[in-house]
Number of protein chains: 2
Amino acid sequence: MREEDLKQRLRARNLRITPNRLDLLTAVDRFVGAIPHTKLQADLASMDRVTLYRTINSLLEGGLIHRASANEQETYYALCEDACLADAHQHQHIHFKCENCSKIYCLPLQQDLHLNTGGFKVKAFEILASGQCEACASQEK
Amino acid sequence: MREEDLKQRLRARNLRITPNRLDLLTAVDRFVGAIPHTKLQADLASMDRVTLYRTINSLLEGGLIHRASANEQETYYALCEDACLADAHQHQHIHFKCENCSKIYCLPLQQDLHLNTGGFKVKAFEILASGQCEACASQEK
DNA sequence: TAACTAATGCAACATTGTTGCATTTAGAGA
DNA sequence: TCTCTAAATGCAACAATGTTGCATTAGTTA
């Protein structure tokens with residue numbers, strides 16, 4: 001994604017355009033799949049550790065990135081779709097973790113889900129899946 | 001659940017029957033929904049903090065309890081079904097977090113899911129949902 | 001360019017989870 | 001029931017992860 005696009009997204013959310021934010025967005029954007037926090041910290045080593053946390057928070061609140069929780073311990077982040085609103089992420093997708101290469105991917109959901117059970121009213125959901133990713137599966141052939 | 005049943009489950013997995021393990025299982029069993037780690041620590045305050053972690057681990061590995069991850073920060077635990085095997089949990093259910101009372105429930109999944117997308121082979125999945133639980137929904141009437 | 005507010009960096013702290021080691025205890029066998 | 005051994009426990013120390021306060025710097029608007 002071009003830097004101007006990233007800037008545009010920041011402007012659209014009334015977030016100031018700073019080098020840190022652009023660096024962070026670029027790192028998230030360039031990474032194939034969702035990027036783990038440790039990887040962000042390594043890529044952005046010159047950024048203060050605390051600033052990294054706060055920058056992530058701002059972008060989460062602004063709806064530019066979202067958490068792609070998959071593993072218990074590590075946290076992953078990915079860019080949001082254009083359509084995502086700040087506090088109402090519309091992610092009808094699956095967070096998929098490859099057992100082989102450990103990458104996290106956001107896959108589209110190809111099916112309508114009917115999750116309401118008994119008196120429980122489901123308003124939002126997330127699917128965490130694991131298995132073998134496209135790249136690893138094709139290598140085995 | 002009767003204490004004898006809990007003991008039986010421990011025996012079935014070749015896990016020694018200790019007061020700590022019984023206390024932990026009882027706490028998990030009694031709690032409505034999945035119990036958060038902080039609540040376990042509070043309920044079992046006399047148990048060493050480290051022992052709590054290790055006891056949880058033993059029971060996880062033994063397949064007597066499972067993680068019901070839902071929230072980003074806190075970890076939740078619930079008793080497994082009888083059918084669960086040690087390292088191949090068969091949880092075709094939804095981990096549901098009530099937005100109102102914050103409880104975590106394990107709900108059955110009422111639909112077959114077809115998650116395979118492109119070359120991605122899904123081997124296991126978990127669904128995290130949020131909304132309004134039965135109890136909170138009925139109170140609003 | 002000036003002024004205001006948000007963002008940053010640093011220090012300190014809080015929480016969560018882990019490791020090593022000495023001691024105690026559950027369970028198997030004599 | 002007693003003895004023995006490995007597993008479980010408690011404690012201390014450490015490691016990783018995330019948070020708060022505060023002084024300084026930098027983006028944005030007029």
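Because the structure is a prediction, the values reported are computed rather than measured.
Residue A:S58 is out of contact with every strand shown, counting any heavy-atom pair closer than 4.0 Å.
Among all heavy-atom pairs drawn from B:C106 and B:H95, the shortest one is SG-CD2, 3.5 Å.
Rounded to whole angstrom, the span from the CD atom of A:E74 across to the P atom of C:dG17 amounts to 14 Å. Between the C1' atom of D:dA16 and the NE2 atom of A:H37 lies a distance of 11 Å, rounded to the nearest Å. The CZ-P distance, from B:R21 to D:dG10, rounds to 12 Å in whole Å. Atom pair B:N57:CG and C:dT18:P shows a separation of 7 Å (rounding to whole Å applied). Taking atom CG on A:N20 and atom C1' on C:dA6, their separation rounds to 13 Å, with Å as the unit. Between the CD1 atom of A:I56 and the P atom of C:dT8 there is a distance of 12 Å, rounded to whole Å. Between A:L10 atom CG and D:dT28 atom C1' there is a gap of 14 Å when expressed in whole angstrom units. Spacing between atom CG of B:L22 and atom C1' of D:dA8 amounts to 13 Å, rounded to whole angstrom units.
Within the structure, the ring-ring contact (aromatic ring centres under 6.0 Å, His included) test picks out no pair touching residues 1-27 of chain A (sequence neighbours left out). Under the salt bridge (charged side-chain N to carboxylate O under 4.0 Å, His left out) criterion, the residue pairs touching residues 114-124 of chain B are A:E99-B:K123, with sequence neighbours excluded.
With sequence neighbours excluded, no residue forms a side-chain hydrogen bond (donor to acceptor under 3.5 Å, both in side chains) with B:R54. Residues satisfying the ring-ring contact (aromatic ring centres under 6.0 Å, His included) criterion with B:Y105, sequence neighbours excluded, are A:F120. Under the side-chain hydrogen bond (donor to acceptor under 3.5 Å, both in side chains) criterion, B:Q8 pairs with B:R11, not counting sequence neighbours. In this structure B:T38 satisfies the side-chain hydrogen bond (donor to acceptor under 3.5 Å, both in side chains) test together with B:E74, sequence neighbours excluded. Take B:E3 and apply the salt bridge (charged side-chain N to carboxylate O under 4.0 Å, His left out) test, not counting sequence neighbours, and it matches B:K7.
Candidate nucleotides C:dT8, C:dA7, D:dT17 were compared by shortest atom distance to the side chain of A:Y53, and D:dT17 ranks first.
Proximity of the aromatic rings of B:H37 and B:Y53 is defined here by a centroid distance below 6.0 angstrom, and this criterion is met.
For A:S138 (side chain) and A:C136 (main-chain N/O), no donor-acceptor pair under 3.5 Å exists by modelled atom type. In this structure, A:T51 contributes its side chain and A:M47 its backbone to no donor-acceptor pair below 3.5 Å. The main-chain N or O of A:Y77 is never found under 3.5 Å from a side-chain atom of A:R67 such that the two would form a donor-acceptor pair.
Summary for the helix from C:dT1-D:dA30 to C:dA30-D:dT1: the axes at its two ends, each from 5 pairs, differ by 40° when rounded to the nearest 10 degrees.
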Annotated protein contacts, base or backbone, on nucleotides 23-30 of chain C with a non-hydrogen cut-off under 4.0 Å, one of B, S, - each: ---BS---

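If you check distances only, the side chain of B:R54 does reach the base of D:dG10 with a donor-acceptor pair under 3.5 Å.
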Between N or O atoms, less than 3.5 Å apart, protein on one side and nucleotides 2-4 of chain D on the other: list the pairs.
none

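Across residues 38-51 of chain B, B:R49, B:V50 each have a non-hydrogen atom less than 4.0 Å from an atom of DNA chain C (numbered order).
A salt bridge is defined here as a Lys NZ or Arg NE, NH1 or NH2 lying under 4.0 Å from an Asp or Glu carboxylate O, and A:D43 with A:K39 meets this definition.
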Under 3.5 Å, which donor-acceptor pairs link side chains of residues 20-34 of chain A to any protein atom two or more places apart or in another chain?
from: A:R21; atom 1: NH1; to: A:R16; atom 2: O; distance (Å): 3.0
from: A:T26; atom 1: OG1; to: A:L22; atom 2: O; distance (Å): 2.6
from: A:D29; atom 1: OD2; to: A:M1; atom 2: N; distance (Å): 2.9

